[in-house]
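A quick write-up on the structure given underneath.
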Amino acid sequence: MSGLRVLVCCPNGAGVSLMMESVLRKVAAELGLELSRLDHGSIQRGAKTAGEYDLVLCPAELVSHLRGWESRADIIGLNNPLSRREMRERLTAYCGEKGL
């Protein structure tokens, strides 16, 4: 894999997801994780484009709205979507599971 394709999403795609994108860039750099594509957007955008990504990150309370996406992309819901520590832990576990 040349790099991970990630979508970060929130209800409207303008606030939390943009901040999550910034946190993810920092965490990916810390982990040495290559991101070939990183976008942020709304749940509606994600529903239309999830198949273009390997992973979707979102606040944990939105995971139930993403049912059915699992066949198109892996989903990680974060309890504190702006926590570098939580994002690092979840991505480390994800990468270990996927052999990245």
Side-chain angles (χ1 to χ4, degrees):
M1 178 182 292
S2 63
L4 197 59
R5 300 169 301 155
V6 182
L7 172 67
V8 290
C9 61
C10 68
N12 297 317
V16 172
S17 63
L18 182 59
M19 292 183 284
M20 286 176 66
E21 181 179 344
S22 175
V23 172
L24 179 54
R25 286 184 191 283
K26 293 173 187 170
V27 169
E30 291 171 6
L31 296 176
L33 180 62
E34 182 183 346
L35 301 175
S36 62
R37 181 173 179 188
L38 175 57
D39 298 312
H40 74 277
S42 67
I43 291 290
Q44 291 77 20
R45 176 184 177 189
K48 294 175 186 172
T49 63
E52 299 173 16
Y53 299 94
D54 302 307
L55 177 64
V56 176
L57 290 174
C58 65
E61 62 268 14
L62 297 181
V63 171
S64 64
H65 297 283
L66 308 181
R67 295 292 177 231
W69 290 18
E70 294 92 343
S71 64
R72 297 184 282 163
D74 295 316
I75 300 167
I76 295 177
L78 300 167
N79 293 315
N80 181 350
L82 303 181
S83 167
R84 282 172 76 167
R85 183 182 60 78
E86 182 182 4
M87 193 177 289
R88 186 181 318 103
E89 289 171 358
R90 300 295 301 277
L91 281 174
T92 299
Y94 175 80
C95 290
E97 290 171 12
K98 297 294 180 178
L100 303 176

>> Please give me the minimum heavy-atom distance between S17 and A14, naming the atom from each residue.
In response: OG-N, 3.9 Å

> Say you draw a straight line from CG of L4 to CG of L91; how long is it, rounded to the nearest 0.5 Å?
Replying inline: 7.5 Å

> Is S36 reaching over with its side chain to a backbone N or O of G3, donor-acceptor style, under 3.5 angstrom?
Replying inline: yes

> Hey, does I76 have a side-chain heavy atom less than 4.5 Å from the side chain of L55?
Replying inline: yes

>> Nearest 0.5 Å, please: how far is CD1 in I75 from SG in C9?
In response: 8.5 Å

>> Tell me the closest heavy-atom pair linking G41 and L7, and the distance in Å.
In response: N-CD1, 4.0 Å

> With sequence neighbours left out, which residue pairs that include part of residues 35-44 fulfil the salt bridge (Lys or Arg N to Asp or Glu O under 4.0 Å) condition?
Replying inline: R37-D39, R37-E52, D39-R45

>> Using the side-chain contact (heavy atoms from CB on, under 4.5 Å) criterion, which residues pair with L62? Sequence neighbours excluded.
In response: P11, I43, C58, P59, H65

>> The criterion is side-chain contact (heavy atoms from CB on, under 4.5 Å); which residues satisfy it with N80, sequence neighbours excluded?
In response: L82, S83, E86

Name each donor-acceptor pair under 3.5 Å that joins a side chain in residues 18-33 to protein atoms two or more places apart or in another chain, with its distance.
residue: E21; atom: OE1; partner: H40; partner atom: ND1; Å: 2.6
residue: E21; atom: OE2; partner: R25; partner atom: NH2; Å: 2.8
residue: E30; atom: OE1; partner: R88; partner atom: NE; Å: 2.8
residue: E30; atom: OE1; partner: R88; partner atom: NH2; Å: 3.1
residue: E30; atom: OE2; partner: R84; partner atom: NE; Å: 3.3
residue: E30; atom: OE2; partner: R84; partner atom: NH2; Å: 2.0

> So do the side chains of P81 and V16 get within less than 4.5 Å of each other, counting heavy atoms only?
Replying inline: yes

> Hey, are the side chains of D54 and V6 touching, using non-hydrogen atoms and a 4.5 Å cut-off?
Replying inline: no

Show me the donor-acceptor pairs, under 3.5 Å and distance only, between side chains in residues 93-100 and residues at least two apart or in other chains.
residue: Y94; atom: OH; partner: D74; partner atom: OD2; Å: 2.8
residue: K98; atom: NZ; partner: D74; partner atom: OD2; Å: 3.2

